[in-house]
*Asks:* 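I am attaching a structure below and will ask some questions about it afterwards.
Values in this document were obtained by computation on a predicted structure and should not be read as measured data.
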Amino acid sequence: MSDDLEPQAEPESGTTSEGAGRMSPEPLLVEDTLLLLFQPDSGTIAGENILFYVLGGAVLADLALIGRVEAEKRALSTRVEASGDGMVPDSLLDPAWAYLSEKPRGVQTVLAAIGPELRGPVLDRLVARGDLNRTEGKTLGIFPSTKLSLGSERRAALMERVRAALVDGETPDARTAASIALLSASGTLPQFHREIPWSGDVYTRGKELERGDWGAAAASSAVTRTMAAIIANSVIAATMLPRA
């Protein structure tokens, strides 16, 4: 299985092209998640109706990965608070970091605050990295329209890791586990049937990852435990929304 998940072109620090803002050298988890949700055959994004919870959860997990957020489990929910000082390394994380810097908040409150504004900036980022192409045109020669298409092989490499965890039984790394948990919570996994054959086993494994069953190595890592707690609460928020 390929481990090549490098972007096609590494942007320089401080890049602002295509509205992408300040970019970290490596793609974020939130970028991976939206790229996986992109459907190449139709040029659409799966799970649009709950996308803001999914992307919001991924951003919080990104902050956990770099040690800039901590989670505290409570009786009925999980509270998150900012950790560390100074600027976060990527502008996609700025709104969540600023919101959490004000005071600790419940995960679902944070998702509702930061999630609705993420779709556009994350798409801009995927275009800036070359993972998606965006073509402007007109429908019926009059109405402006936008067409998205794949621009790199990175989605295929990510999907290979997802398939290995869901179909082949491999233990995923924390980023892959988080992505799968969010995909499963969004209810979109059956839409990936051509790439990941849908089955009861796939459904069950997806639900296990939603609950934070990411393996022994993950359980021993404080950062990964924080990620898992955040993802689990994001899942709860996402599954409460209608799929229509």
*Asks:* Would a distance-only check, ignoring hydrogens and angles, find a side-chain to backbone donor-acceptor pair under 3.5 Å from W214 to L209?
*Replies:*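 Side chain of W214 to backbone of L209, a donor-acceptor pair under 3.5 Å: yes, one is there.
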*Asks:* What salt bridge (Lys or Arg N to Asp or Glu O under 4.0 Å) pairs are there with at least one residue in residues 44-70, not counting sequence neighbours?
*Replies:* E48-R119
*Asks:* In sequence, state the C-alpha distance, the side-chain angles, and the governing distance for S152 and D131, and then conclude on side-chain hydrogen bond (donor to acceptor under 3.5 Å, both in side chains).
*Replies:* CA-CA 5 Å; S152 75; D131 293 321; 2.7 Å; yes
*Asks:* State, with a plain yes or no, whether a side-chain heavy atom of V59 is found less than 4.5 Å away from one of L92.
*Replies:* no
*Asks:* To the nearest 0.5 Å, what is the distance between CZ on R79 and NZ on K73?
*Replies:* 15.5 Å
*Asks:* Can you measure from OG (S186) to CD1 (I45) and round to the nearest 0.5 angstrom?
*Replies:*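 Those atoms lie 11.5 Å apart.
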*Asks:* Nearest 0.5 Å, please: how far is CG in L29 from CG in L93?
*Replies:*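 The distance works out to 10.0 Å.
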*Asks:* Tell me, please, which residues at least two apart from E195 pass salt bridge (charged side-chain N to carboxylate O under 4.0 Å, His left out).
*Replies:*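 For E195 the salt bridge (charged side-chain N to carboxylate O under 4.0 Å, His left out) partners, ignoring immediate neighbours, are R155.
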*Asks:* Please lay out, stage by stage, how E31 and E26 fare under the test side-chain contact (heavy atoms from CB on, under 4.5 Å).
*Replies:* CA-CA 10 Å; E31 297 176 54; E26 298 297 327; over 6 Å; no
*Asks:* In Å, rounded to the nearest 0.5 Å, how long is the span from OG of S42 to NZ of K147?
*Replies:*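 Rounded to the nearest 0.5 Å, the OG-NZ separation comes to 11.0 Å.
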*Asks:* For the pair D124 and R134, find out whether any cationic side-chain nitrogen is under 4.0 Å from an anionic carboxylate oxygen.
*Replies:* yes
*Asks:* Taking all non-hydrogen atoms of both residues into account, name the closest pair between V202 and P197 and its distance.
*Replies:* CG2-O, 3.5 Å
*Asks:* If you define the side chain from C-beta out and look only at heavy atoms, does anything of F52 sit under 4.5 Å from L118?
*Replies:* no
*Asks:* Where the side chain of Q39 meets the backbone of L37, is there a donor-acceptor pair that is under 3.5 Å apart?
*Replies:* yes
*Asks:* Using side-chain contact (heavy atoms from CB on, under 4.5 Å), reason through Y203 and W198 one step at a time and then give a plain yes or no.
*Replies:* CA-CA 8 Å; Y203 171 85; W198 182 242; 3.7 Å; yes
*Asks:* Determine whether E210 and L182 make a side-chain contact, defined as any pair of heavy atoms from C-beta on separated by less than 4.5 Å.
*Replies:* no
*Asks:* After noting the C-alpha distance and the side-chain angles of D94 and R22, does the key distance pass the salt bridge (Lys or Arg N to Asp or Glu O under 4.0 Å) rule?
*Replies:* CA-CA 10 Å; D94 285 345; R22 188 176 68 258; 2.8 Å; yes
*Asks:* Under a 3.5 Å distance rule, please check whether T188 uses its side chain to pair with a backbone N or O of Q191 as donor and acceptor.
*Replies:*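 Side chain of T188 to backbone of Q191: no pair is present.
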*Asks:* Given side-chain contact (heavy atoms from CB on, under 4.5 Å), test E72 with T78 step by step and report yes or no.
*Replies:* CA-CA 6 Å; E72 178 188 358; T78 294; 5.9 Å; no
*Asks:* From L126 CG over to L148 CG, what is the distance, rounded to the nearest 0.5 angstrom?
*Replies:* 9.5 Å
*Asks:* Taking the side chain as every heavy atom from C-beta outward, state whether L150 and N133 have any atom pair closer than 4.5 Å.
*Replies:*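 No, side chains not in contact.
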*Asks:* Set out, in order, the CA-CA distance, both residues' side-chain angles and the distance that settles salt bridge (Lys or Arg N to Asp or Glu O under 4.0 Å) for R194 and D41, then state yes or no.
*Replies:* CA-CA 11 Å; R194 291 179 59 182; D41 291 343; 2.6 Å; yes
*Asks:* Under a 3.5 Å distance rule, please check whether R105 uses its side chain to pair with a backbone N or O of Y99 as donor and acceptor.
*Replies:*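 A pair under 3.5 Å: yes.
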*Asks:* Ignoring hydrogens and angles, tell me if any N or O in the side chain of D168 forms a donor-acceptor pair with the backbone of E170 under 3.5 Å.
*Replies:* no
*Asks:* Quick check for you: to the nearest 0.5 Å, what is the distance between L158 atom CG and S179 atom OG?
*Replies:*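 It comes to 7.0 Å.
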*Asks:* Kindly say whether A181 contributes a backbone atom to a donor-acceptor pair with the side chain of S184 at under 3.5 angstrom?
*Replies:*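 Answer holds: no.
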*Asks:* Can you check whether L65 reaches M227 side chain to side chain, under 4.5 Å on heavy atoms?
*Replies:* yes
*Asks:* Is the closest side-chain heavy-atom distance between T135 and T146 below 4.5 Å?
*Replies:* no
*Asks:* Could you give me the CA-CA distance, side-chain angles and deciding distance for R175 and R161, then say whether side-chain contact (heavy atoms from CB on, under 4.5 Å) is met?
*Replies:* CA-CA 10 Å; R175 283 176 62 113; R161 290 189 172 187; over 6 Å; no
*Asks:* One pair to check against salt bridge (Lys or Arg N to Asp or Glu O under 4.0 Å): R205 and E208. What are the steps and the verdict?
*Replies:* CA-CA 5 Å; R205 184 58 180 138; E208 290 172 349; 3.1 Å; yes
*Asks:* Should L111 and S234 count as side-chain neighbours, where that means a heavy-atom distance under 4.5 Å?
*Replies:*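 With C-beta onward as the side chain, the pair touches.
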*Asks:* Looking at every non-hydrogen atom in both residues, tell me the closest pair between A174 and T224 and how far apart they are.
*Replies:*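 Shortest heavy-atom separation between A174 and T224 comes out as CB-CG2, 4.0 Å.
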*Asks:* Taking all atoms of both residues into account, what is the closest heavy-atom pair of I114 and A96, and its distance?
*Replies:*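 Looking at all heavy atoms of both residues, the shortest contact is CD1-CB, 3.6 Å.
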*Asks:* Quick check against the 3.5 Å criterion: does S101 have a side-chain atom that pairs as donor or acceptor with the backbone of W97?
*Replies:*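 Present.
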*Asks:* Any heavy-atom pair between the side chains of E81 and L100 that's under 4.5 Å?
*Replies:*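 They are not in contact (no side-chain heavy atoms under 4.5 Å apart), so the answer is no.
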*Asks:* Measure across A228 and G212 and return the closest heavy-atom pair with its distance rounded to 0.1 Å.
*Replies:*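 Result for this residue pair: CB-CA, 4.3 Å.
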*Asks:* Minimum heavy-atom separation for A71 and I230, please, with both atom names.
*Replies:*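 Looking at all heavy atoms of both residues, the closest pair is CB-CG1, 4.4 Å.
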*Asks:* Indicate the atoms forming the closest heavy-atom contact of L166 with G206, along with that distance.
*Replies:*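 Closest pair (atom of L166, atom of G206, distance): CD2-N, 3.9 Å.
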